[in-house]
Number of protein chains: 2
Amino acid sequence: MIYSELHNILSSKTIHLKSGQYLFTQGDSVKNIYCVNKGRIKLVRDTFEGTPILIHVAYAEESIAEASLFSKKYHCSAMAGTNTEVIVYSKDELLKILQENPESMMNLLKQLTTQVRDLRMLNETKSIYSAKEKVLTYLSTEFHRDKDSDLPLKDIAQKIGMAHETFYRTLKILENNGKIKRNKSHIKLTNL
Amino acid sequence: MIYSELHNILSSKTIHLKSGQYLFTQGDSVKNIYCVNKGRIKLVRDTFEGTPILIHVAYAEESIAEASLFSKKYHCSAMAGTNTEVIVYSKDELLKILQENPESMMNLLKQLTTQVRDLRMLNETKSIYSAKEKVLTYLSTEFHRDKDSDLPLKDIAQKIGMAHETFYRTLKILENNGKIKRNKSHIKLTNL
DNA sequence: CGAGTCGTTGAACGGAATCAATCGTCGTGG
DNA sequence: CCACGACGATTGATTCCGTTCAACGACTCG
């Protein structure tokens with residue numbers, strides 16, 4: 001997780017959320033920064049038009065609300081999408097430690113840059129219209145390695161922006177074509 | 001741009017690229033960090049399967065290769081998609097200054113966090129299947145404000161992941177429905 | 001003045017979303 | 001401990017809407 005190396009310096013606590021339970025609500029003062037340990041957290045923004053929009057779904061190992069590290073209020077709400085476990089860090093404490101330890105700040109910087117890179121990659125993967133191409137591109141990139149290996153197929157489908165049914169079907173086609181191999185829910189590209 | 005506040009401290013130079021010209025190539029040693037001033041830079045990765053994949057398109061005000069701030073070699077190639085102007089910073093110099101100025105590092109951190117937030121938002125916008133919904137969601141978010149206001153409609157279409165023809169048509173429909181107003185290429189939501 | 005690109009519209013096709021039903025598994029509570 | 005409910009994985013059928021191909025005018029830039 002993002003703050004792993006600070007884990008022994010930073011005080012933290014773990015909390016458990018039931019599916020549907022809120023972690024924080026849009027407009028709340030930012031007191032804490034969180035990291036998903038298990039399950040998933042949906043970030044939702046209430047727009048002025050009424051219809052709330054989904055901003056992001058954070059899975060295990062993902063930190064949320066880092067952007068809030070520099071803002072007073074949460075700009076969105078966070079709800080558990082399933083039974084979820086999150087680690088809680090104090091925002092002020094985190095900021096203080098970062099200021100005192102340039103090395104750890106540099107480290108956070110590093111992690112953020114790779115996060116940006118991954119997000120860009122994912123973004124472009126989503127722009128691919130053909131289901132086969134999209135899946136192949138996803139599989140051939142590194143941003144999902146390890147991280148996504150234990151994600152349910154359904155969630156992977158959502159992550160790359162396609163209906164899960166289409167994802168299943170596409171996997172089957174690619175498997176029949178010999179492009180991929182898989183046992184249970186572990187998928188591997190065949191070529192090299 | 002990302003390093004704006006360092007602009008007077010950091011030495012920099014501006015270079016001009018013709019459409020199709022390369023800024024750097026995958027595998028090159030990372031000597032510089034860049035920021036697009038005008039035009040656009042396409043980041044492309046050559047995969048082992050042969051087919052190169054588009055990773056990202058960077059427009060004006062966007063920095064590229066920040067991820068490379070921490071790596072030895074570029075993991076992708078950068079090509080001008082049109083006549084383009086980029087600002088060049090020395091990687092080593094930038095790193096040194098960041099280490100010496102915790103405040104500027106903190107500032108970069110801040111900009112990266114908002115970048116992450118924007119990317120996530122864009123990501124979810126791309127996940128919306130309905131063209132109308134997608135466009136409305138895009139227009140109702142802030143991540144594009146100012147930044148995208150001068151982008152050609154064609155590029156906006158690509159940014160949110162739809163064919164430009166569909167984008168034009170959708171805009172027309174929304175305009176007829178009174179959901180949006182526009183003069184020339186400036187679009188505005190009508191409600192509040 | 002011509003090449004290139006953006007903006008726009010038309011027509012047609014195809015593929016992905018959607019709706020729906022089934023099976024298996026896992027966790028949970030009675 | 002077992003039954004029930006929730007959810008993931010899968011497959012089928014259908015519909016529709018967004019992509020694609022194509023053509024044209026306007027504008028800019030060199």
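A, B, ... follow the sequence lines: proteins, then strands. Residue 1 opens every chain.
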N/O contacts under 3.5 Å, protein versus nucleotides 3-6 of chain C?
from: C:dC6; atom 1: OP2; to: B:Lys154; atom 2: NZ; distance (Å): 2.6

Mind checking whether A:Tyr74 and A:Tyr34 have parallel, tilted or perpendicular rings, split at 30° and 60°?
-> tilted
Tell me: CD of A:Gln158 to P of D:dG8, nearest whole Å?
-> 10 Å
What integer distance in Å separates B:Ile128:CD1 from D:dC17:C1'?
-> 16 Å
Counting N and O atoms only, with roles assigned by atom type, does the side chain of [X] sit under 3.5 Å from a partner on the main chain of [Y], one being a donor and the other an acceptor?
X: A:Asn83; Y: A:Ser19; value: yes
X: A:Ser77; Y: A:Gln26; value: yes
X: A:Thr190; Y: A:Lys179; value: yes
X: B:Thr82; Y: B:Gly39; value: no
X: B:Lys72; Y: B:Ser29; value: no
X: B:His144; Y: B:Tyr138; value: yes

Heavy atoms under 4.0 Å, any strand shown: does A:Thr82 hit a base, just sugar-phosphate, or nothing?
-> nothing
Considering all heavy atoms of both residues, which atom of B:Met121 and which atom of B:Phe143 are nearest to each other, and what is their separation?
-> CG-CD2, 3.3 Å
Quick one: do B:Asp155 and B:Arg40 satisfy salt bridge (charged side-chain N to carboxylate O under 4.0 Å, His left out)? Show the steps, please.
-> CA-CA 10 Å; B:Asp155 290 349; B:Arg40 54 170 172 268; 2.9 Å; yes
Identify the pairs formed between an N or O of the protein and an N or O of nucleotides 25-27 of chain D at a distance under 3.5 Å, and give each distance.
none

Name the pairs: protein N/O against N/O of nucleotides 17-22 of chain C, kept only if under 3.5 Å.
from: C:dA17; atom 1: OP2; to: A:Ala163; atom 2: N; distance (Å): 3.4
from: C:dA17; atom 1: OP2; to: A:Thr166; atom 2: OG1; distance (Å): 2.4
from: C:dT18; atom 1: O4; to: A:Arg169; atom 2: NH2; distance (Å): 3.0
from: C:dC19; atom 1: N4; to: A:Glu165; atom 2: OE2; distance (Å): 3.0

Of A:Asn107, A:Thr114, A:Thr113, which is the lone residue that meets side-chain hydrogen bond (donor to acceptor under 3.5 Å, both in side chains) with A:Gln111?
-> A:Asn107
Any salt bridge between [X] and [Y], counting N to O under 4.0 Å?
X: A:Glu175; Y: A:Arg182; value: yes
X: B:Lys126; Y: B:Glu133; value: no
X: A:Glu62; Y: A:Lys38; value: no

Computed from five pairs at either end and rounded to 10 degrees, the angle between the axes of the helix from C:dC1-D:dG30 to C:dG30-D:dC1 is 60°
Identify, with sequence neighbours excluded, every residue that meets salt bridge (Lys or Arg N to Asp or Glu O under 4.0 Å) alongside A:Arg169.
-> none
Close N or O pairs between protein and nucleotides 25-30 of chain C (under 3.5 Å):
none

Candidate pair B:Arg120 and A:Leu43, rule side chain to side chain contact (heavy atoms under 4.5 Å, CB included), full reasoning = CA-CA 10 Å; B:Arg120 284 181 180 172; A:Leu43 299 177; 4.3 Å; yes
